[in-house]
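Below you'll find the structure, written out as structure tokens, and then a few comments.
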Amino acid sequence: MGMRIDILTLFPEVISAFCQASIVARAVSRGLVQIVATNLRGFATDAYGSVDDAPYGGGAGMVLMCQPVYDAVEAVRPQHPHPGKVVLLTPQGRRLDQALAAALAAEPRLILLAGHYEGFDERTRMGLADVEVSLGDFVLSGGEVAAMALIDAVVRLLPGALGQEASLHEESFSAGLLEYPQYTRPREFRGMVVPEVLLSGDHLRIAAWRTQQAELRTMQRRPDLWNKYAKDAGQTRDLSDAPPRTRRR
Ligand code: ADE
């Protein structure tokens, strides 16, 4: 059976549109993943469909109440044999990276909680969340974009989601390096030419050039990734061996 991803959100139509496009749609149609968006509003208990309220202690903004969130999780849980890990999307979570995406892709089921307003009631975190995930150190007005980024990063890692070529490509990033430069036709564009080696047909030289470029780029732009890569590779070189930082574009 494929993976199941539930998303509890106030904007299920946004998620549905996203899941009908691109690689995610293809993975869904291949049966690799089932994605179900559920509207939290459906779990409101009053006539206005309220899911949020003012914070105790005062202050600006509204807080997503526990009750609709707990009720929604408890309603979707029995819809699949695996209870699933509950993932809260919040700027206070663990930063999403390739390793976390890979770990989540190994789960049989995920239940994503996309918050809105000023955030979740603390008791939603305490009683419901298995893991809290952040897209980065910036504030989104809702968790939906973060949920979609997570879905995209996870689904493309499911076996069969990508073609052969693409999965090999994936490995280079998983090795912890930034991507090497890519070119396609024409050979010359507005005076900028394709590096000669790529036209040489010499696959060994091309592979060596690409590795070198990926390493160079990683050193120059992401010293944090570079040091980790160098260490993991059992190498002793670190930033002190890196060339001076060059102009960024
Ligand atoms: N919700 C609001 N901001 C977010 C962020 N940076 N990451 C994940 N979820 C969020």
Side-chain angles (χ1 to χ4, degrees), residues 4-21 24 35-80 82-105 107 109-155 222 224-225:
R4 169 156 168 154
I5 303 178
D6 286 274
I7 311 105
L8 308 182
T9 167
L10 290 164
F11 299 96
E13 66 285 354
V14 174
I15 307 286
S16 304
F18 168 73
C19 294
Q20 282 160 30
V24 174
I35 303 177
V36 181
T38 297
N39 198 336
L40 284 169
R41 188 89 54 202
F43 296 87
T45 50
D46 67 10
Y48 308 101
S50 310
V51 292
D52 60 313
D53 209 335
Y56 280 121
M62 299 289 267
V63 177
L64 201 50
M65 295 188 289
C66 296
Q67 171 268 317
V69 182
Y70 274 75
D71 285 354
V73 169
E74 284 158 13
V76 300
R77 257 207 160 127
Q79 293 174 10
H80 188 269
H82 285 279
K85 284 226 160 77
V86 172
V87 181
L88 209 75
L89 283 316
T90 159
Q92 295 149 46
R94 168 174 167 191
R95 180 93 66 93
L96 181 62
D97 61 12
Q98 199 60 28
L100 179 54
L104 295 173
E107 292 289 330
R109 186 187 190 188
L110 297 174
I111 299 177
L112 310 183
L113 290 183
H116 247 267
Y117 313 115
E118 291 305 304
F120 298 96
D121 186 299
E122 187 62 19
R123 294 161 295 184
T124 295
R125 270 175 226 289
M126 285 166 42
L128 229 38
D130 293 301
V131 48
E132 299 180 34
V133 176
S134 169
L135 215 53
D137 293 337
F138 48 86
V139 179
L140 299 166
S141 44
E144 285 76 18
V145 168
M148 290 186 286
L150 187 152
I151 290 168
D152 194 303
V154 164
V155 166
R222 294 290 304 275
D224 57 325
L225 287 182

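The basis for the numbers below is simple: all heavy atoms, side chains too, and nothing from hydrogens, waters or symmetry mates.
Note that CZ of Arg125 and CD of Glu132 are 4.5 Å apart. Values are rounded to the nearest 0.5 Å. Here CG of Leu128 is found 12.5 Å from CZ of Arg123. Values are rounded to the nearest 0.5 Å. For the atom pair Glu13 CD and Asn39 CG, the distance stands at 7.5 Å (nearest 0.5 Å). Atom CG of Asp53 and atom CE of Met62 lie 5.5 Å apart (nearest 0.5 Å). We find the CZ-CG distance between Phe120 and Leu88 to be 4.0 Å, quoted to the nearest 0.5 Å. Interatomic distance, CG of Leu8 versus CG of Leu40, reported as 5.5 Å (0.5 Å rounding).
Panel note: side chain Ser50, backbone Asp52; no donor-acceptor pair is recorded below 3.5 Å. Distance alone, capped at 3.5 Å, places no donor-acceptor pair between the His82 side chain and the Gly84 backbone. The backbone N or O of Met65 sits nowhere less than 3.5 Å from a side-chain atom of Asp121 that would complete a donor-acceptor pair.
Scanning all heavy atoms of the two residues, the minimum distance from His116 to Leu64 falls at N-CD2, 4.2 Å. Nearest approach of Val24 to Asp152, heavy atoms of both residues: CG2-CA, 4.2 Å. Taking each heavy atom of Ile151 and Phe18 in turn, the nearest pair found is CG2-CE2, 4.2 Å. Taking both residues in full, the closest heavy atoms of Arg109 and Val76 are given as NH2-O, 2.8 Å, listed atom of the first, atom of the second, then distance. Residues Ala75 and Phe43 share a closest heavy-atom pair of CB-CE2, 3.5 Å. What you find for Val133 and Val131 is that their closest heavy atoms are CG2-CG2, 3.9 Å.
Salt bridge annotation for Asp6-Arg77: absent, with no cationic side-chain nitrogen under 4.0 angstrom from a carboxylate oxygen.
Taking 4.5 Å as the limit, some side-chain heavy atom of Met148 sits within range of a side-chain heavy atom of Val14. Taking 4.5 Å as the limit, some side-chain heavy atom of Leu113 sits within range of a side-chain heavy atom of Val73.
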Could you walk me through whether Val63 and Tyr56 pass the side chain to side chain contact (heavy atoms under 4.5 Å, CB included) test, one step at a time?
CA-CA 9 Å; Val63 177; Tyr56 280 121; over 6 Å; no
Is there a side chain to side chain contact (heavy atoms under 4.5 Å, CB included) between Arg95 and Leu100 once you walk through the steps?
CA-CA 8 Å; Arg95 180 93 66 93; Leu100 179 54; over 6 Å; no
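Side-chain atoms of Thr9 and Glu144 include a donor-acceptor pair closer than 3.5 Å.
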